[in-house]
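Structure first, then comments.
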Amino acid sequence: MSLLRFHAIKESLAYKFVNVQEHERRSDLFGRNVFNENTMRQYLTKDAFVGVRNAVQFGKKIDRNIADQVASSMKDWALAKGVTHYTHWFQPLTGSTAEKHDAFFETVGGGMSIEKFGGTQLVQQEPDASSFPSGGIRNTFEARGYTAWDPTSPAFIYETTLCIPTIFVAYTGEALDYKTPLLRALHAVDDAATAVCRYFDKNVKKVTSSLGWEQEYFLIDKMLASSRPDITLTGRTLLGHSSAKGQQLDDHYFGSIPNRALNFMRDLEKECMLLGIPVKTRHNEVAPNQFELAPIFEEANLSVDHNSLLMDIMGRVASRHNFKVLLHEKPFAGVNGSGKHNNWSLSTDTGVNLLATGKTPMSNLQFLTFFINTIKAVHQHEALLRAAVASASNEHRLGANEAPPAIMSVFIGEQLAKVLDELEGVTKGKLSPKEKTELKLNVVGKIPDVLLDNTDRNRTSPFAFTGNKFEFRAVGSMANCGNPMTVLNTIVAKQLKDFKTEVDALINKKDLKKDEAVFNVLREYIKSTKSILFDGNSYGEAWEAEAKKRGLSNNNTTPQALKARISKASISLFEEMGVMSKIETEARYEIEVEVYIKHVQIESRVLGDIARNHIVPTAVKYQNVLIENVRGLKEIFEEKYHNVSKEQVNLIEEISNHIEGINANVTKMIDERRKANSIEDIEKKAEAYCKHVKSLFDKIRYHCDNLELLVDDEIWPLTKYRELLFTR
Ligand code: ADP
Ligand code: MG
């Protein structure tokens with residue numbers, strides 16, 4: 001093994017980076033491999049084009065005849081680009097993307113063959129889906145699932161395959177993927193937000209949810225990464241002593257992007273351009289070898305697809321540059337973890353961002369309405385929002401001493417907090433003309449100026465308002481954004497629906513004017529949601545204590561956090577908004593709990609293996625060298641040998657203690673695993689894994705990492721942190 005470490009280092013030092021040149025303008029490359037509106041105009045008949053556009057914009061059904069035409073044109077377009085296969089591309093609950101390629105090629109008898117692709121193949125497919133997680137849905141109801149075309153996300157070509165974005169559902173209709181509930185949630189928020197918008201502008205017919213994610217990741221030399229069994233099998237380091245130099249100098253964040261990484265980015269961005277992913281920003285992140293990439297925001301469903309696609313192609317492009325991409329939330333202890341901020345807003349078909357201030361008091365009242373309703377939604381469903389970002393890997397970030405914390409809160413900045421304070425004083429019931437004027441001129445009317453000063457962008461709150469959007473920062477770097485976006489859009493939809501009911505009641509029963517009714521309801525919301533607002537001034541334990549006083553949940557562990565998914569309130573929320581049935585919600589919960597168990601189980605096995613089979617034998621080897629040395633000293637110095645071999649003898653003893661520490665804890669861990677495995681109830685099993693198995697990781701690691709400091713570097717088998725993090 002030690003040979004492998006040095007071999008990997010040698011290889012990585014000898015690697016000459018590939019220079020990636022950009023010959024074409026990005027705007028020329030953009031969307032070249034996408035069957036987008038522009039391409040459709042060229043390839044589709046007018047009928048077919050209108051059919052698809054109506055499906056995209058208004059959710060109209062595409063009939064059989066049109067589907068055939070679209071399929072045939074898609075095929076022509078793809079064949080002209082050298083494509084041989086097609087696939088229904090979907091996002092099962094495993095967390096990655098799935099595809100099964102079929103050739104266009106068909107035999108037609110008489111030794112002849114053609115390229116064929118019809119409406120049936122476009123619209124519906126049956127993948128061999130028996131091994132995708134279904135939380136018991138398929139066992140209980142129907143043994144198979146199928147994929148169905150999502151025309152709202154355009155087909156694209158990757159390498160020589162035509163990829164058709166699809167949903168993945170059981171034959172009985174239950175969602176088995178991330179996309180189906182997301183589409184339903186986007187529909188719900190469209191309905192609810194459009195209805196509220198119409199208080200302010202009767203021309204609004206549709207509200208779209210937008211998402212701009214910021215993807216953080218690590219780039220590690222491929223040889224070095226593959227020399228570590230923990231990175232290979234779990235995507236993170238399970239042990240390793242921190243490097244003498246880490247991120248304390250902050251020199252990576254402000255430094256220039258290393259050449260090899262820059263070439264990887266250029267290559268990746270070119271692929272993104274071809275696939276219509278509008279990447280815009282790239283920079284170093286806080287930790288060494290950590291980076292970030294962000295696109296221009298898009299409609300949420302498309303943006304989610306683009307992020308899933310990106311995570312997939314990142315790995316492939318990285319390989320061309322001898323890198324391994326680590327998307328794990330906490331690949332290295334002691335250095336910054338990775339997140340994926342989800343920037344979210346709502347906008348109308350009339351071109352208004354509902355979370356941006358406007359030029360008139362009325363448009364600012366509309367802004368306040370959406371702003372305050374979002375805060376109220378988060379307040380009401382903070383535990384569910386936390387559950388939406390819970391995973392075994394994100395547990396190391398949320399809940400550990402890292403920002404953002406596991407406690408959900410909303411940061412809005414000092415200035416907007418002041419505006420809310422003023423609105424809290426609005427008179428109950430009818431407002432005097434003087435008060436109305438005062439509000440319009442001096443409170444609502446002043447918001448745009450206020451926002452200009454909103455520069456104190458707090459980085460520690462998990463949900464922050466940043467000028468014209470909310471930024472959900474607790475999302476993990478590995479996560480499929482579909483899950484958090486489903487939850488966020490659903491809770492906002494529900495809140496807007498309730499808001500409308502309340503405002504309408506005041507207008508109809510109390511005879512209030514529309515703006516009076518809106519002010520009245522908002523005032524009550526401001527009063528009742530104060531506990532969710534985070535001013536950015538307390539951290540760590542102080543904030544935990546404060547949050548506890550306020551009644552906010554603080555679910556540090558994943559099993560604990562996930563429970564909110566199946567609370568009575570959550571189940572009825574998803575049912576009411578038409579996003580998920582009770583069965584779907586419960587199935588999803590079951591899958592997430594099971595995935596958690598499996599992750600911890602795998603990590604535990606890998607850790608046990610490395611500790612016992614790599615670290616202990618190496619420590620013994622070094623100890624034998626020391627023993628040999630002491631023996632030699634005894635031979636030379638005879639009775640005086642005690643004086644000259646003191647240090648060696650201490651070391652021998654220290655090593656023995658650590659070996660004992662490792663063995664005792666690994667034995668205990670295996671025992672706890674056995675106990676946990678025998679538990680039937682998956683909820684209890686997950687808790688056992690979390691409490692009794694995972695809790696031993698740090699103890700084992702402690703002894704291993706200490707041995708790393710004692711044992712001769714020449715024989716240490718695992719590639720060290722300094723080598724992983726500082727190889728450029
Ligand atoms: P940072 O948060 O790092 O300062 P920016 O604020 O510039 O970066 O933007 C981060 C992401 O937010 C980008 O993907 C950007 O396109 C997206 N974004 C900007 N405005 C909106 C919006 N109205 N809705 C959704 N996302 C947005
Ligand atoms: Mg950001």
Side-chain angles (χ1 to χ4, degrees), residues 17 20 95-97 211-226 228 230-232 234-237 246-247 252-253 255-272 275 277-295 303-304 306-343 389 391-394 396-398 402-404 471-481 484 721 724-728:
F17 63 81
V20 176
S96 49
T97 56
L211 164 65
W213 36 263
E214 302 164 55
Q215 179 72 54
E216 293 182 341
Y217 61 95
F218 280 84
L219 278 180
I220 304 299
D221 180 272
K222 191 158 87 180
M223 285 299 291
L224 297 181
S226 40
R228 299 256 328 202
D230 47 358
I231 297 183
T232 308
T234 71
R236 73 170 177 119
T237 57
Q247 62 188 52
H252 185 59
Y253 195 78
S256 59
I257 301 175
N259 260 322
R260 182 168 159 201
L262 188 60
N263 278 294
F264 156 78
M265 291 175 185
R266 284 199 186 115
D267 206 357
L268 175 67
E269 286 166 9
K270 185 178 163 207
E271 298 282 359
C272 287
L275 291 164
I277 306 173
V279 291
K280 182 148 172 95
T281 309
R282 62 185 182 209
H283 59 79
N284 291 347
E285 260 304 328
V286 179
N289 280 350
Q290 190 190 26
F291 307 93
E292 181 184 299
L293 170 141
S303 185
V304 169
H306 279 166
N307 182 247
S308 299
L309 182 57
L310 174 94
M311 291 197 285
D312 181 24
I313 60 178
M314 274 177 109
R316 305 192 202 199
V317 175
S319 200
R320 302 208 280 260
H321 297 264
N322 260 11
F323 274 132
K324 184 175 171 71
V325 170
L326 302 185
L327 293 173
H328 195 285
E329 283 81 358
K330 194 72 186 172
F332 302 98
V335 297
N336 211 52
S338 299
K340 179 152 55 199
H341 295 180
N342 276 207
N343 294 269
V389 293
S391 72
S393 51
N394 209 13
H396 300 279
R397 208 171 135 249
L398 312 173
E402 205 162 312
E471 197 168 321
F472 189 14
R473 300 198 180 114
V475 183
S477 46
M478 255 172 84
N480 182 306
C481 302
Y721 266 32
L724 292 166
L725 285 167
F726 289 94
T727 304
R728 295 283 144 86

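Given the structure is predicted, the values throughout are model-derived calculations rather than measurements.
Counting heavy atoms from C-beta outward, Arg236 and Leu326 have side chains that stay 4.5 Å or more apart. A 4.5 Å side-chain heavy-atom check between Asn343 and Leu211 finds every atom pair outside the cut-off. Two residues are said to be in side-chain contact when any heavy atoms from C-beta on lie closer than 4.5 Å; Ser338 and Gln215 fail this criterion. Under the 4.5 Å side-chain criterion, counting only non-hydrogen atoms from C-beta, Leu293 is in contact with Trp213. Looking at Val335 and Tyr721, their side chains never come closer than 4.5 Å, going by heavy atoms from C-beta outward.
Across every non-hydrogen atom of His321 and Arg260, the tightest pair is O-NE, 3.3 Å. Contact detail for Asp312 and Thr97: the closest heavy-atom pair is OD2-OG1, 3.9 Å. Residue Cys272 comes nearest to Ile313 through the heavy atom pair SG-CD1, 4.3 Å, listed as atom of the first residue, atom of the second, then distance. The shortest non-hydrogen separation linking Pro404 to Arg397 is CD-NH2, 3.5 Å. Here the closest non-hydrogen pair linking Gly476 and Asn394 is N-ND2, 3.4 Å. Among all heavy-atom pairs drawn from Asn284 and Ser256, the shortest one is ND2-O, 3.4 Å.
A donor-acceptor pair under 3.5 Å links the side-chain atoms of Asn263 to the main chain of Val20, judged by distance alone. A donor-acceptor pair is defined here as one N or O able to donate and one able to accept, closer than 3.5 Å; no such pair exists between the side chain of Asn342 and the backbone of Phe472. Distance alone, capped at 3.5 Å, is enough to place a donor-acceptor pair between the Gln290 side chain and the Gly337 backbone. A donor-acceptor pair under 3.5 Å is absent between the side-chain atoms of Ser319 and the main chain of Gly315, judged by distance alone.
Ring geometry for Tyr217 against Phe291 counts as tilted: the plane angle lies between 30° and 60°, on a 0 to 90° scale.
Distance CE/Met314 to CG/Asp267: 12.5 Å, rounded to 0.5 Å. Summarising the geometry, atom CZ belonging to Phe323 is positioned 10.5 Å from atom CG belonging to Leu224; distances are rounded to the nearest 0.5 Å. Here Ile277 contributes atom CD1 and Leu309 contributes atom CG; the two are 4.5 Å apart, rounded to the nearest 0.5 Å. Separating the CD atom in Glu329 from the NZ atom in Lys340 is a distance of 8.0 Å, to the nearest 0.5 Å. From Glu214, atom CD reaches atom OG1 of Thr281 across 8.0 Å, with rounding to the nearest 0.5 Å. In this structure, NE2 in His328 is found 7.5 Å from OG in Ser391, a value given to the nearest 0.5 Å.
Open room surrounds NZ on Lys270; 12 or fewer heavy atoms of other groups in view lie less than 6.0 Å from it.
The salt bridge (Lys or Arg N to Asp or Glu O under 4.0 Å) search around Glu271 returns Arg320, not counting sequence neighbours. Applying the salt bridge (Lys or Arg N to Asp or Glu O under 4.0 Å) rule to Arg282 yields the partners Glu269; only residues at least two apart in sequence or on another chain are considered.
Between Phe218 and Phe332, the ring center distance clears the sub-6.0 Å criterion.
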